[in-house]
Protein chains: 2
Amino acid sequence: MQSRARAGRPRDAAIDRAVLDAVSQVLDTGGYQALVIEDVARRAGVSKPAVYRRWAGRRDLALAELRRRLEAVQPPDTRCTLCDLHESLSLFSQAFTRVGATTLAHLLADSAHDPDFRDELIGTLVSPQREAVSRTLVKARARGDLRSDLDLALTVDALSSLVFYRQLFGPDPLDDAEIGRAVAAILSGIATDYDALVRESLEHEGDHVVPDHAHPG
Amino acid sequence: MQSRARAGRPRDAAIDRAVLDAVSQVLDTGGYQALVIEDVARRAGVSKPAVYRRWAGRRDLALAELRRRLEAVQPPDTRCTLCDLHESLSLFSQAFTRVGATTLAHLLADSAHDPDFRDELIGTLVSPQREAVSRTLVKARARGDLRSDLDLALTVDALSSLVFYRQLFGPDPLDDAEIGRAVAAILSGIATDYDALVRESLEHEGDHVVPDHAHPG
DNA sequence: TACGCTCCGATACGGTACGTTCCGTTATCT
DNA sequence: AGATAACGGAACGTACCGTATCGGAGCGTA
C-alpha cells in the first residue's frame, strides 16, 4: 500500500513543465502584468482548470517559475575578503536580473495582505541570496578581517539593500565597478577621521542616538 | 480675456478634497488593494466620472494623495555630521512610514511598463528624500569630515537603500538605534585593516574589479 | 473484468472592477 | 441669452478572476 500514490489518474508531469515554460515566456516578453492564466494555459496547450489544479493563482505560478530560475547560490571562499564580497554581491545582483525587478515588485505588492505568501516569497527569493552574503561575512570575520564588534545582520542588510534598491528604483542595476566601490566604501569607511566625529557629536547635547559601538581603535 | 478660465461650469475644488480624503482613509484601512474607484467615489459622495475627470486611475489617485502627505523635507544642518546624517535618515524613514510600504510596492509594480509614471513616482516619493541625504553629505564633505574621493551618488544609494529595504522587506523598518549603527558603520568602515585587505586582493590574480579608489591614507 | 478515483479538455458561469458613455441638470463664463 | 463644461446617476462593454459541470481517459484496487 503506497500511501504516496493517490488513487485515480496521476497528474501529467509534462503539463507542469509546459505551463511553467509558458509562464517563463510571458514573464520575459510582457512581464507580470501580462501573466493571464487563460493565456498561459492556451500557450501551454492546456486547459485552465489544469493550471488551477496545480497552482493557486498568478502569484503562486510566477513564484514557481522564479524558483526554477534561481539555483542554489554557492558563496565563494577564496580567503580574499574583497574578492569574496565582490563575487557574492555580483551573484546576488545577477540572480535578480534573472528574476526581473518588475516581477519582484508585483509579487511583493501582491504579498502585502498575505503573510504566508510573503514568507514564502522572501524565503525563496531573498533569504538564500542574503545567506550567501552572510556566510561570506562570517568567514571574513572569523579570519579577523572584519571588526569583531560588527553588526552582522545590519551589514548584510546594507549590502543586500543596495542590490535591491538599484534593481527596483534603477535607473540601472549595480554594475561590477559600483560593487567594487561599494565594498571598498563599507570596508574602509567614508569618514576622514571617524573618532573626531564621535567626539564632536558628544559635544552636542542633541537627542540623537549615540552609536553604541564607537570605533575601538 | 482670461485664457486660464475655461468656459463652462468650473470644477468643484471641494470634490478634489473629498476624494483625496476618501483615498487617504481607504489606504490607511485596507491598503492599496482596497482602493476601488467606485468605493472611493461613494465614500466621497461623488460620482465616478467626477473622479476620472481628475485622475487617470488608481495609480494617479494614490500618488496624488501620497504627495499630500510628504511635505518638503528640510535637511538638518547642525555642523555635526553624525547628528545630521542620523536625522536625515530618520526623517527619510518616517516619510515612508507615512506612505506605507504596501502602497509603495504596488505603485512601483504598476509603474513597470509606464516610464512616465515611473519618473513621476520616483520624482515625487524618492528623489526629494534622497536629495535631503545628499545635501547633508555634501555639507559634511565640504567641512572636510568625509573623504574627498567619496563617491557621493553611491553613498546616497547605500544609505537610502537601507531605508527602503527595511520598509519593503521588513520585518520591521529601521529604528533609531539601527540608523545610528548604520551611520557609524559606513563612516568608520567595518574592516580591521582595509589597506591590508587591498594588498591581499592584489595578490590574487582574480578577475574581480579592483576598487578604483583604494584608501589614500 | 469491473469499479472507483482523479486527471484531462472544453465550456459555461457568476463575480469584481475596470474605464467609458449617455443622460438630464446645474453652474459659470462671454 | 447662449455656449460650455461639470455634476449625479445609471448603464454599458471589456477583461480577468476563480469555480463548476461535463463526458472521456488513464490508472489503481477488488
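Letters A, B, ... mirror the listed sequences (proteins, then strands); counts begin at 1.
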- request: Return the minimal non-hydrogen interatomic distance between B:Ser88 and B:Pro76, and the atom names on each side.
  value: OG-CD, 3.5 Å
Mind calculating the distance between [atom1] ([X]) and [atom2] ([N]) to the nearest angstrom?
{"X": "A:Asp110", "N": "D:dC16", "atom1": "CG", "atom2": "C1'", "value": "14 Å"}
{"X": "B:Arg11", "N": "D:dA5", "atom1": "CZ", "atom2": "P", "value": "11 Å"}
{"X": "B:Ile15", "N": "D:dG9", "atom1": "CD1", "atom2": "P", "value": "11 Å"}
{"X": "B:Leu61", "N": "C:dA17", "atom1": "CG", "atom2": "P", "value": "15 Å"}

- prompt: According to the interplanar angle, ranging from 0 to 90°, do the rings of B:Phe164 and A:Tyr165 count as parallel (below 30°), tilted (30 to 60°) or perpendicular (above 60°)?
  reply: tilted
message: Can you tell whether the side chains of A:Asp39 and A:Arg43 come within less than 4.0 Å, N to carboxylate O?
response: yes
query: Given A:Ser188 and B:Arg147, is the side chain to side chain donor-acceptor pair (under 3.5 Å) satisfied, shown in steps?
result: CA-CA 11 Å; A:Ser188 70; B:Arg147 292 161 53 169; 2.9 Å; yes
query: If you take atom types as modelled and just measure distance, does the side chain of A:Arg9 reach the base of D:dC27 with a donor-acceptor pair under 3.5 Å?
result: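 For A:Arg9, whose side chain was compared with the base of D:dC27, there is no donor-acceptor pair (under 3.5 Å).
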- prompt: Is B:Lys48 side chain donor-acceptor paired with the C:dG19 base, going by distance under 3.5 Å alone?
  reply: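 It does, because a donor-acceptor pair links the side chain of B:Lys48 to the base of C:dG19 below 3.5 Å.
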- request: Between B:Pro10 and B:Arg53, name the one whose nearest nucleotide on DNA chain C is closer to the 5' end.
  value: B:Arg53
message: Go nucleotide by nucleotide along DNA chain C from the 5' end; which of A:Arg54 and B:Glu38 gets its closest nucleotide reached first?
response: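 It is A:Arg54, whose closest nucleotide lies nearer the 5' terminus.
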